[in-house]
Amino acid sequence: MEIINATTSFAALSQETRLKAFRLLVSHEPDGLPAGEIARNLGVPHNTMSAHLAVLARAGWVSSQRQSRQIIYRASLTHVEDVIQFLLKDCCAGHPELCGSLLDSLSACDINPSDKPNS
């Protein structure tokens, strides 16, 4: 991943509604959610949610697939992995033992109740 791609990705998540939408989609993997349900869950008008989802899709955070009359959105966990790898590349200046606690926390995937998507 190049720095320009990373900054685009981070910019897409730097808005509250988009971050909440992404977190909601992660919690609904692997099935995803229809755009209308995302909008209802977050209390956002449908057209506004569509614009936010388009930003997330362009940045690589979500993908979409048409199913009949609905568009189903899913979180791109591959993109999450790419971003994390970008952040951790050359981690700790060649001293990976310094990153041990970070890697342990990532492998645990323990989500605190206060960190749920609608928080």
Side-chain angles (χ1 to χ4, degrees):
M1 174 176 282
E2 300 291 325
I3 287 180
I4 189 72
N5 302 109
T7 57
T8 299
S9 286
F10 294 130
L13 287 182
S14 69
Q15 196 279 342
E16 183 179 349
T17 301
R18 291 193 291 266
L19 182 57
K20 285 181 177 181
F22 178 72
R23 294 180 73 199
L24 179 66
L25 288 170
V26 168
S27 73
H28 282 83
E29 276 298 305
D31 299 325
L33 289 172
E37 191 170 333
I38 298 167
R40 279 188 295 282
N41 269 288
L42 299 180
V44 175
H46 286 53
N47 60 339
T48 302
M49 192 73 252
S50 292
H52 286 306
L53 290 168
V55 171
L56 290 171
R58 281 191 301 273
W61 292 109
V62 301
S63 61
S64 63
Q65 182 177 14
R66 181 171 288 283
Q67 288 183 0
S68 186
R69 295 179 60 209
Q70 294 183 322
I71 298 177
I72 306 298
Y73 285 87
R74 294 188 59 222
S76 173
L77 300 181
T78 302
H79 186 71
V80 173
E81 183 179 342
D82 291 345
V83 170
I84 291 170
Q85 286 182 3
F86 170 80
L87 289 173
L88 295 179
K89 187 176 182 183
D90 303 321
C91 180
C92 303
H95 300 283
E97 67 277 4
L98 298 175
C99 296
S101 63
L102 173 63
L103 297 175
D104 289 344
S105 69
L106 288 174
S107 66
C109 288
D110 186 15
I111 298 176
N112 295 325
S114 62
D115 288 341
K116 297 257 181 196
N118 289 329
S119 298

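Positions are given from 1 along the sequence. Everything numeric here is computed off the predicted structure, so don't read it as measured data.
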Least distance between heavy atoms, [X] atom then [Y] atom:
X: S64; Y: I71; value: CB-CG2, 3.6 Å
X: I4; Y: T7; value: O-OG1, 2.9 Å
X: A12; Y: A59; value: CB-CB, 3.5 Å
X: F22; Y: W61; value: CE1-O, 3.3 Å
X: G32; Y: R74; value: CA-CG, 3.7 Å
X: R18; Y: A11; value: NH2-O, 3.8 Å

Beyond-backbone contact of [X] with [Y], side-chain heavy atoms, under 4.5 angstrom:
X: H79; Y: V83; answer: yes
X: F10; Y: L87; answer: yes
X: M49; Y: T17; answer: yes

Working to the nearest 0.5 Å, report the span between [atom1] of [X] and [atom2] of [Y].
X: I38; Y: L25; atom1: CD1; atom2: CG; value: 4.0 Å
X: T48; Y: L53; atom1: OG1; atom2: CG; value: 11.0 Å
X: L33; Y: N41; atom1: CG; atom2: CG; value: 6.5 Å

Exercise. Out of E37, K20, H52, which residue meets the side-chain contact (heavy atoms from CB on, under 4.5 Å) rule with L42?
Worked result: K20
Exercise. Going only through I, L, V, M, F, W and Y residues with side-chain contacts under 4.5 Å, is there a path from V62 to V55?
Worked result: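 Cluster IDs for V62 and V55 differ.
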Exercise. Taking a hydrophobic cluster as the set of Ile, Leu, Val, Met, Phe, Trp and Tyr residues connected by side-chain heavy atoms closer than 4.5 Å, whether directly or through intermediates, do L56 and I72 fall within one such cluster?
Worked result: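 L56 and I72: separate clusters.
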Exercise. Is it true that atom CD of E2 has more than 12 heavy atoms of other residues, nucleotides or ligands lying nearer than 6.0 Å?
Worked result: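 Atom CD in E2 is not packed in, count stays at 12 or less.
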